[in-house]
Amino acid sequence: MAENVSRRPGSKWSLTGLAMACAAALLLATPGSAYAFPDNGDSTLADNATHTYCYTSGFTTDASVGGYAMAVLGNTTDMDDLFPIDPPTCSFMETDVWWWELNLAAGIRGTRSCWLESPVGICTSSDLTLDYAELDVGAFDWEDRRKTAVHEVGHSVGLDHDPGCAMMSGQVPDATLQWRTYCAAEIADINGAY
């Protein structure tokens, strides 16, 4: 009889569980990838290919960046972006992305955290937080806001940092579109997983 694999503290992987994990890793691997996928800090994937989103009541400075980032995901990958309700305020914990606006620590422009994670590495709901005061330091504020929003959405679907596109860390060096979209290898990883 096969043992259940769990992520409880102190639990051990069974041989069956290890075989299942290896099979899953092989299925998710993309030959052209320069990094492991998913590799977003907690190694979770979103729950499905439809990424729903909402705005918390404090997300008011420039809510258009949330819609922009979700549209980039929906228009450049096989995933769909969707408002689950109208108006798009947050009230369902299963909504994939909750957009927040907060003052973060100095130098932190945005964050992503998995708020509702299953025992098998699926993140049902992520909190994406932007700090506009940090985003508006320096040049290219409009581009920087959108790059950071696209970047945090990328983390919510399993992407790690990549210096050649939206998944780069820090401020955009110029106004070109490459900083507000995903690299080809990242698009391949997303399409392969969803």
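The structure displayed is predicted, hence computed values, not measured ones. Numbers here simply count residues along the sequence, with the first being 1.
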task = Indicate whether the side chain of Arg109 and that of Ser169 have a donor and an acceptor atom separated by less than 3.5 Å.
result = no
query = Linking Ile, Leu, Val, Met, Phe, Trp and Tyr by side-chain heavy atoms under 4.5 Å, what else ends up with Leu116?
reply = Met93, Trp115
ask   = Are any of the side-chain heavy atoms of Ile108 and Asp131 separated by less than 4.5 Å?
value = no
query = Say you draw a straight line from OH of Tyr68 to CG of Asn75; how long is it, rounded to the nearest 0.5 Å?
reply = 10.0 Å
message = Below 30° counts as parallel, above 60° as perpendicular, anything between as tilted: where do the rings of Tyr53 and Tyr55 land?
response = perpendicular
Exam field: side chain Gln178 to backbone Gly164, donor-acceptor pair closer than 3.5 Å = yes
Under the salt bridge (charged side-chain N to carboxylate O under 4.0 Å, His left out) test, residues paired with Asp47 that sit two or more places apart = none
inquiry  = Is there a side-chain contact between Leu128 and Phe59 in this structure, where contact means two heavy atoms from C-beta onward sitting under 4.5 Å apart?
reply    = no
request  = Would you give the length of the straight line joining atom CG of Leu130 to atom OG1 of Thr148, rounded to the nearest 0.5 angstrom?
outcome  = 7.0 Å
ask   = Which heavy atom in Glu134 sits nearest to a heavy atom in Ala105, and how many Å separate them?
value = OE2-O, 4.4 Å
task = Using the disulfide (SG to SG under 2.5 Å) rule, collect all pairs that involve residues 117-155, keeping only residues at least two apart or in two chains.
result = Cys114-Cys123
ask   = Which atom names give the shortest non-hydrogen contact between Ser156 and Val97, and what distance separates them?
value = OG-CG2, 4.1 Å
query = With no hydrogens and no angle check, is any side-chain donor or acceptor of Tyr182 less than 3.5 Å from a backbone partner on Ala188?
reply = no
message = Show the nearest heavy-atom pair for residues Glu152 and Thr111, with the distance to one decimal.
response = OE1-C, 3.2 Å
key: In one Ile/Leu/Val/Met/Phe/Trp/Tyr side-chain cluster, 4.5 Å: Tyr194, Val150   = yes
note = Residue pairs meeting salt bridge (Lys or Arg N to Asp or Glu O under 4.0 Å), one or both in residues 163-183, sequence neighbours left out, come to none
task = Indicate yes or no for a side-chain donor-acceptor contact from Ser125 to the backbone of Thr95 under 3.5 Å, with no hydrogens or angles considered.
result = yes
query = side chain to side chain donor-acceptor pair (under 3.5 Å) with Asp136: which residues, sequence neighbours excluded?
reply = Arg145
query = So do the side chains of Leu135 and Lys147 get within less than 4.5 Å of each other, counting heavy atoms only?
reply = no
key: Arg112 versus Ser126, side-chain donor and acceptor atoms under 3.5 Å   = yes
message = Can you tell me how far apart CH2 (Trp99) and CG (Asp127) are? Round to the nearest 0.5 Å.
response = 11.5 Å
request  = Mind checking the SG-CH2 spacing from Cys165 to Trp179? Nearest 0.5 Å is all I need.
outcome  = 8.0 Å
query = Which residue, Leu73, Asp189, Leu45, Thr44, forms the side-chain contact (heavy atoms from CB on, under 4.5 Å) with Val157?
reply = Leu73
query = Do Leu104 and Trp98 belong to the same hydrophobic cluster, where Ile, Leu, Val, Met, Phe, Trp and Tyr are linked whenever their side-chain heavy atoms lie under 4.5 Å apart, directly or via other members?
reply = no
request  = Any pair with a residue in residues 130-154 that passes ring pair (Phe, Tyr, Trp, His ring centres under 6.0 Å), sequence neighbours left out, goes on the list, sorted by first then second residue, please.
outcome  = His151-His155, His151-His161
ask   = Are any non-hydrogen side-chain atoms of Asp96 and Thr52 less than 4.5 angstrom apart?
value = yes
remark   = OG1 (Thr129) and CD (Glu101) are apart, to the nearest 0.5 Å, by 10.0 Å
remark   = Heavy atoms of Gly154 and Met167 approach each other most closely as CA-SD, 3.9 Å
ask   = If you look at every heavy atom in Ala175 and Glu143, which pair is closest and at what distance?
value = CB-OE2, 3.5 Å
note = Here the pair of heavy atoms bringing Thr181 nearest to Thr76 is OG1-CG2, 3.9 Å
Value rounded to 0.5 Å, distance of CE in Met79 from OG1 in Thr50 = 7.5 Å
inquiry  = Does any part of the side chain of Val153, heavy atoms only, come nearer than 4.5 Å to the side chain of Val72, both counted from C-beta?
reply    = no
